[in-house]
Each structure stands twice: as structure tokens, then as C-alpha cells.
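Reading through the C-alpha cells given below for one structure.
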Amino acid sequence: MKVSIVCVGKIKEKFYRDAIDEYSKRLSRYCKLEIVEVADEKTPDGAGEKVEEQIRNTEGERILSKIPDNAYMILLAIKGEQLTSEALSEKMTRLAVDGESHICFVIGGSLGTSDAVYKRADYKLSFSKMTFPHQLMRVVLLEQIYRSYKIEAREPYHK
């Protein structure tokens, strides 16, 4: 299984990069992991809704250009479905059994995602109704993907 994470922006903080590297290393025994970063747009102070929509659309075009047509796309979205770790593991296992060979998770920018990205998503996943920094969300997502594989393999992992 190939797992891609397409995300807006770069990770600047070393502690986030270290955590991402650690989970990437752990995941290497379960899947082929790819992290694709697309450039974020600067949001001017006091930007109106039209400017924000233009930013979402620009970032959305960059995101969609990195999503292969045959990939199953899971968009992280506040209005998505909330799952337990076990349910996410079951979903990923079911996708593999059903013949999906590439799951692509998408983390949008700080303003959210464009309508085009939202419509392209095969599934919308929410981790919480709370808002998290996108850098932290990348770490949390990697941890949950790793946990999913550990659950599926019936291997011990901390709770």
C-alpha cells in the first residue's frame, strides 16, 4: 500500500520534523509513505472573503495537481466524520481489501480547502471539532496511520 500525505506549507520547527521523521521511519515497514508539501499563500492582514477564497483556490489547485486520479483521497476536514483509531484501521484495511493501492490524505492550508478539493475527496475525516496547527496535525495524522497498521497487524502499541 502506498500512503501519501499532501499538505500545504513546510514544517519549520525541528521538534515537529523530528516527530515526522520518527513516524515515517516506523511506517516504512508497513507501507510506502510519501509526504508532499505544496506552497502556501501568504494571507494579508485584514484579507476579505474574496481574497481568502482566492488563496484557498490557489492552494487547492496545487493540492489537486499532486493527487493521482487513481488514489483514494481522504480529506482532513472539521465537518468530516470522526472515527476511533480502530475504525480508521478498519477503514484502511477495507480499502486495501477492496483493491485500493494508494490512499492519499490531504491537510489543507490555514484557511481550509477549496470547494474543488472538498468535492474531489472520496472521504472526509475529522480528528476533532477543535482547530489544530497544521504542523501538529501532520504529526497526529502520521501517528494515527501508524497506530492503524499496528492495530491491523494485532501488534502491541501503547494506549
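If you read the sequence from its start, that first residue is 1, and numbering goes on from there.
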**Report entry** Results of side chain to side chain contact (heavy atoms under 4.5 Å, CB included) for Asp122 - residues two or more places apart only
**Finding:**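 Counting only residues at least two positions away or on another chain, Asp122 forms a side chain to side chain contact (heavy atoms under 4.5 Å, CB included) with Tyr72, Met73, Arg120.
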Query raised in the report: Got a sec, which residues hit side chain to side chain contact (heavy atoms under 4.5 Å, CB included) with Ser101, two or more places apart in sequence or on another chain?
Result: none
Grab the two heavy atoms, one from [X] and one from [Y], that are nearest each other, plus how far apart they are.
X      : Y      : result
His134 : Gly108 : CD2-O, 2.7 Å
Val3   : Ile145 : CG1-CD1, 4.1 Å
Ser126 : Lys129 : OG-N, 4.5 Å
Arg26  : Tyr146 : CB-CE1, 3.4 Å
Lys2   : Ser4   : CE-OG, 3.9 Å
Ala39  : Val8   : O-CG1, 4.1 Å

Query raised in the report: salt bridge (Lys or Arg N to Asp or Glu O under 4.0 Å): which pairs involve residues 57-81, sequence neighbours left out?
Result: Glu41-Arg62
I'd like to check [X] versus [Y] (side-chain heavy atoms, cut-off strictly below 4.5 Å). Are they in contact?
X      : Y      : result
Leu142 : Leu33  : yes
Leu75  : Leu125 : no
Phe132 : Val140 : no
Met92  : Glu152 : no
Val6   : Phe105 : no
Val38  : Cys7   : no
Lys25  : Asp21  : no
Tyr149 : Arg29  : no

Query raised in the report: Just by distance, do the side chain of Ser114 and the backbone of Asn57 share a donor-acceptor pair under 3.5 Å?
Result: no
Query raised in the report: Would you find a donor on one side and an acceptor on the other, under 3.5 Å apart, between the side chain of Ser89 and the backbone of Ser85?
Result: no
Query raised in the report: Got a sec: does the CD of Glu34 have more than 12 other heavy atoms crowding it under 6.0 Å?
Result: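 Enclosed.
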Please determine if [X] and [Y] form a salt bridge, counting it only when a charged side-chain N lies under 4.0 Å from a carboxylate O.
X      : Y      : value
Arg94  : Asp98  : yes
Arg56  : Glu49  : yes
Glu143 : Arg147 : yes

Determine whether [X] and [Y] fall in the same hydrophobic cluster, where Ile, Leu, Val, Met, Phe, Trp and Tyr are linked whenever their side-chain heavy atoms lie under 4.5 Å apart.
X      : Y      : value
Ile151 : Leu83  : no
Tyr123 : Val97  : no
Ile63  : Ile103 : no
Leu64  : Leu76  : no
Met137 : Ile78  : no

Report summary line: Applying side chain to side chain donor-acceptor pair (under 3.5 Å) to Lys14 and not counting sequence neighbours gives Asp18
Report task. Run the numbers on Ile5 and Val106 for side-chain contact (heavy atoms from CB on, under 4.5 Å), then give the verdict. Result -> CA-CA 6 Å; Ile5 298 175; Val106 172; over 6 Å; no
Report task. Return the set of residues passing salt bridge (charged side-chain N to carboxylate O under 4.0 Å, His left out) with Lys150 (not counting sequence neighbours), or none when no residue passes. Result -> Glu155
Requested in this report: Quick one: list whatever passes salt bridge (charged side-chain N to carboxylate O under 4.0 Å, His left out) with Glu37, sequence neighbours left out.
Outcome: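 Glu37 satisfies salt bridge (charged side-chain N to carboxylate O under 4.0 Å, His left out) with Lys10, Arg138 only.
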Roughly how far apart are [X] [atom1] and [Y] [atom2], rounded to 0.5 Å?
X      : Y      : atom1 : atom2 : result
Glu86  : Thr93  : CD    : OG1   : 12.0 Å
Phe127 : Leu136 : CZ    : CG    : 10.5 Å
Leu95  : Ile74  : CG    : CD1   : 6.0 Å

Query raised in the report: Between Gln82 and Ser128, is a side-chain hydrogen bond (donor to acceptor under 3.5 Å, both in side chains) present by the stated rule, with each step listed?
Result: CA-CA 7 Å; Gln82 293 183 14; Ser128 173; 5.5 Å; no
